[in-house]
Amino acid sequence: MLRWILGGREAPGAVEKSPVMVIGEEQPKNVFTELQVLKGHYDIVRFLVQIDDLRFASGGDDGLVLVWNIQTGECLQELRGHTQQITAVAVYSGPTDGTHVHLLTASSDRALSMWDPDTGNRVKTVSDLLSSAKCLLVLHHLDLWISGGNEMCMWDRNFSLLWRTDHHSDAGISAMIELPKNCIAAAVDKEIVIYRLNIASSEEDTTVSEICRLTDHQDSIRALISVSDQLFVSGSHVGELIVWDSLNWSVQASERILWGEPRPAPQAEIKLGAQKQSEMSVRHLASDGELIVAAVGSGLYVYNVMRKSVVAYRKTAHDSNVLHTLLLPDGQLMSCSEDGSVRMWELQDLPLPAEPASAGFFGMWTFGRSSKQTNQTMKKAQEILGLRMLELTGDLIGHSGAVQMFISMGERGLVTCSTDHLVIAWKNGKRESQLRSFDLFCKLEQNGGL
Amino acid sequence: MIGSPDLLAFTKENDVVDSYVEPSQLPEEFSVPLFPYCGNANPWSKTSYAKFARDFILISEFSEQVGPQPLLTVPDGPKACGTFDLNYFSLRIMSVDYQASFVGHPPGCSYPKLNFVEDSKVVLGDSKEGAFAYVHHLTLYDLEARGFVRPFCMAYVSADERKIMRQFLQLSSEFSKASECLKTGNRKAFANEIEKKLKDLEYTRAVLHRETELQKLNNGCYSTQAIEKANELANVEKSIYEHKDLLKQITSYPNRKMKDPEFLPYDSDSLVESADLHRDPESESVARGELDDPTNQRRPSYTPQLIKAKSAKCFDKRLKTLEELCDLYFFHQTMDQLKQIEKTFRGDLCNIYTNQIEQALLKKQKVTNFLFEDFSTWEEDENVKQFCSGNECLLDNLPPPASVPSGEPLSLDSYTSCVETVPIKMEPETGEGGPQEVEMTDSIPCEIAQDNLDEGTDAAMKGSLSSGESIEVLGTEKSFKAQGSQVNSENMANVPSPQLLRVRRRTVTKRANSEDSIEVLSTTDSIIPEDLRASYPSAIHEEDSTDAVEDRTSGQMFPVNPGTDVQDECVYKTGTSVQVDATCCMGQEGLAYEEPSPELAQECCANGVVKQEPRPCCQRDLPLQVDFVLDDANICEDPLAGLSHEPNPTYLLDETSRMNLDDLSDSTSFMSASTSSDRTCSPFLYGSPVTVKQKKKAGQSAIRFIRQYPFAQQAIFCLLSGRTLVVLGTDEGTVRKLVSALTIYLPNLGKYGESVKPWLSSPFHLSDLQNWKLIGIHKMASPTGSSVLHSLKRYSRYVSILDADNKTLRCPPYKGTLMERLVDHRTQIKRGATYFLHVQSMLTQLCAKAFLFTFCHHLHLPINGGEDDDVVATRRMKFLHHLGYDQDDCHVLHFLSELIKCYYLHGSGKGVRPPVFGFSYVTSFVYKI
């Protein structure tokens, strides 16, 4: 019964045997050797935003927004006011001074609030909106912000409503991004609606006009991000990934992530058909300007928008749906999932052909697992230029529920939030130790000795 | 008539110490007196021919009827003293010093004065009996006694002379506390007695008045009967006056009025009985033993009774027992304290001495104590806080009925303060010292009728070591300070505190010169705060000194504001009582005894008669005093001292008057005093403090563990490197035993063993792993069980799992040398306690190295900006290597170092910062037997 507990460490070869990649306890590349459990929420924590170098805010279904200090783990402020769950959190820093930051929150209680994270005061608030906002977009250079729910509203700094669209649909706006030339793309169900802001001299006269609707997606759009000034990407529920031109809104590339491309073998497609759609749903997109990482079902998919080709992917990166991803410099990649773990990946060049390949090559899954596939895989690898490997370098296990989101605070660590009501700050133990030493000697000096 | 016993000189004994010091590197202050009897091969063989097996405390009285007699011993029973002749010994000790202080008529004053005399402390030995004793003389007041005072002494009797000598200061301090407690209760009882007597007298006067008038009518104004009656009446009136004066003296002593006789727990009947034959103070002092004085009266308790003019023979009357002499509550407190004293000083001198040194050192070593040391030995402030936070509990367990003040807060007024009993006198030099004698005589009101000095006094005065009572002053002062501030902070919430603060401050200082304030008549301050400060530079803070000065002025208003004084007295009292065992019943079955309260005597001194006494000695003894101070500071810092002085918040809501407030805080302090003593013996419900005793017991299981499990090293390595160890098993007993065995290795165990969860049947979470470093988990085949196992699996990377059923251990491998030394399964150590000490010494060593490691700057931070982390890391590794820690041993040191850092930076308190949980990604292996 206890075999699993006492069964010794994972066999090194486990990777190949199991569809889900598993890393052993030995994780030399994992620097997060220290954690702090930040308790304060009473319900699922869904949102994390970074306020500045030291602070971040978390928002959850309990309607609370908490401001934390990443270094000490202290809860600095409790922003209370919303009566229902938080649906969106954004950081608002005016154009004049980027120093003083405010927090914008939207909640299911159909209120929008602006908070001062320094004092914890609710600076501004509007309530009794027609619908609750599901997303917030701050246009910093215009000192305006937009809330998107069943309708889109544009607000200025003082919470005066500048403009409002008509009722969209029951689905409402699920995501918004800012495009060049004062344009905005909003994902409304299966369409992407492009709006243009007509900036007038006075804010009151600013109007918004709908330019066009992009209807290339077959299913609801789940994710919409801006990649660069030229490109933005959207992903849909059925695994469509479309790269758009930011200026003329034309389709630059379109991928259907079916986890088994039609290419490998016909029988594969049959298998694929049996897959549940949710397994292909693009839940989250992240980009560093060149690469896009898409959270597709429980897998990860890395796409190069320049080459318009897949760089790497792993169909079963997690045991369950991936909820959030992040691309770090140096080909580092992170993902969190409903299985409660955060995994860190590294894009590595392909191993030498002589080496046995690990899971994660295109189409490999279609052949089941057997060593005789190696040749074929290798062939493919050579075929597909630039195909790289997504290697698991470490995982963070701490939450007992789905990890909803995480943000990286740079060298200060990583913050995760989860359905288990917890926020966990993961830190580099060595760095923290050194910081403590520093503090210690400071205090020693202050006290003039022990 | 009684020969002077051989008195032992009390000196610092530097020379003696030197002769014992080994030529080792240990600093002198750490040296423990070695066994001196070189000729004896076996140091454990009985070296003395004393007739008692072990030390005990003896309370004796110099009864005016039968002479010196033993009253009781602590511990109780015949076993305590064996065949030792208590009667004889009582005679010896009572004859040494009894600072007789009597009521007399000071010149220019026609009323008897109470004598407020400080206790005296003597060391004496009876070489014939092989018994040596620290003797603490005190006097208690008794209205029926000769001169109102009854001399008592408490003696710590030991066969080991050196023990007494070396522990003199501690003994003196402890006994002083006990004595204060007793005297306080006595003052209270005494005042009560006077009040009752006054009522009687008033009544008698009324009756006599009526009769006189009647006589005049019947027989004419000049008839014999009429004149007789008139004389009688005049006598009664005089007596009333005197008693009123006495009452004033005793009550002004603490500056509180005693208004509430109800409070006294005495049985009124017995009072009447014992008060049966009462003699007038005046007659006592003027012509003691003369029985024809018509003012001898009878007195009832509540309903005033006629007081008969005829007195019975002196030796017919039954003197009050000690219990009757003292308020019951205080009596029990005192007994508890004595028991605690007995416990504290039990055992061999070396042992006591070592412990004292150890504790003194631990107190200095604040940075690393929390790792492996027993909290009770060093943690002080925490303690106080702890107790205070547990106030509700305290209030729940109220003290013995006698002290329950619920209905009558006023009665607390009657607690007289012991502050004033504290003389600022110190003459510890020698028993025979001439100056002392002078001193003593000085301190005795010279106007007192010479015949009042009985034979014992003379002897006493010859060779008494009247000792450093000043310790007391300091002690109370200090302890009060701590408490006062604490109380204040506690009060903040409920009461506008500045005022309060003010009051308390003042009280602090009031104590210092309380003697002045006792006596309104007294013209000069013999002991002014400045004196105090001069002699205790280290102990008195500046703020207080300023207050003290100010207080001097406020001395005049003292009587107006009496509550304050009582307050600090109580503080004091609680402080002492806390150390006491909860068994307070002992005194009850004990013999009856009474103790003359020295306070009274002292009051007399303070009453202006003996003004010059303290100052000279202060000056003379200055250097030594400083020593005392230092020594005493420790004692006073006793965490427990302050713990109970926490006013009941609900009481405090009522802040109608200061007095009230003080009363109430008084009352609460009483309550808490007793309850806290309860606490010391009965563990908290929510987990009692881990004691060394428990750990020693666990040592046995630990030996078994390391013998039984070949992978004990790995398991203990996990504990020392901060990796949570889970003990898994189906049998609760087995698991608990294993857990407790492993506890002794666990760093930062926490006062109540917070880091250990001995038995858990539900799934745990990540945050639990932060708090618990050792968990016993119930392995069961049930849904809960499987979810427990699930959590185990989920967090398997953070824990090591010791399966008690299968005898397997899943943990990271260990390579190093440290554990071999710590955990040697071939160890020859048989006893658990020994093994525990072995472990403890190793851990202490480890601790020292961790401290060194943590506080070496260059090991953690670059020397200059140019260095990068690698250089530092290399340096660190080299250092560790140099210390003898390689490979995995470094993890241990790193972990301890992190703990030290966190503790140093943030303290032990769980503040706003969530705890940090460190771990490492290491592969685990399974070890089997």
Considering all heavy atoms, the nearest A:Leu300-A:Trp345 contact: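 Shortest heavy-atom contact: CD1-NE1, 3.3 Å.
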
Indicate the atoms forming the closest heavy-atom contact of B:Val799 with B:Arg723, along with that distance.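 Heavy-atom minimum between the residues: O-NH2, 3.0 Å.
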
Under 4.5 Å, heavy atom to heavy atom: which of residues 33-45 of chain A reach chain B? Give them by number, or say none.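 Residues of residues 33-45 of chain A touching chain B at under 4.5 Å: A:Thr33, A:Glu34, A:Leu35, A:Gln36, A:Val37, A:Leu38, A:Lys39.
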
Please list, in residue-number order, every residue in residues 405-432 of chain A that has a heavy atom less than 4.5 Å from any heavy atom of chain B; write 'none' if there are none.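 Only A:Ile424, A:Trp426 of residues 405-432 of chain A have a heavy atom under 4.5 Å from chain B.
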
Can a side-chain donor-acceptor contact be found between [Y] and [X] if the only test is distance below 3.5 angstrom?
X	Y	value
A:Trp68	A:Ser58	yes
B:Asp889	B:Tyr814	yes
A:Asn121	A:Thr119	yes

So what's closer than 4.5 Å to chain A heavy atoms on [X]: side chain, backbone, both or neither?
X	value
B:Cys811	neither
B:Val916	both
B:Thr854	both
B:Phe917	both

Without swapping roles, check the side chain of A:Thr72 against the backbone of A:Glu74 for a donor-acceptor pair under 3.5 Å.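 Looks like yes, one N/O pair under 3.5 Å.
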
N/O donor-acceptor pair under 3.5 Å between B:Ser782 side chain and B:Gly785 backbone: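 The answer is yes, because a donor-acceptor pair under 3.5 Å joins these two groups.
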
Largest heavy-atom contact set with chain A, pairs under 4.5 Å, which of B:Leu861, B:Leu859, B:Val872: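 The residue among B:Leu861, B:Leu859, B:Val872 with the greatest pair count is B:Leu861.
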
Could you tell me whether A:Asp52 and A:Arg55 make a salt bridge, using a distance below 4.0 angstrom between a side-chain N and a carboxylate O?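 Answer for the salt bridge query: yes.
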
Just wondering, more than 12 heavy atoms not from B:His881 lying within 6.0 Å of its NE2?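 Not more than 12 within 6.0 Å, no.
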
Should we count NZ of A:Lys443 as having more than 12 external heavy atoms under 6.0 Å?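 Counting neighbours around NZ of A:Lys443, more than 12 heavy atoms of other residues, nucleotides or ligands fall under 6.0 Å, so yes.
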
So, [X] versus [Y], ring centres under 6.0 angstrom or not?
X	Y	value
B:Phe853	B:Tyr885	no
B:Tyr921	B:Phe919	yes
B:Tyr927	B:Tyr709	no

Go through A:His399, A:Gln27, A:Gln434 and name the one with the most non-hydrogen pairs under 4.5 angstrom from chain B.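 If we count pairs closer than 4.5 Å to chain B, A:Gln27 comes out on top.
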
Relative to chain B, which segment of A:Phe438 carries a heavy atom at a distance below 4.5 Å: side chain, backbone, both, or neither?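 Both parts, backbone and side chain.
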
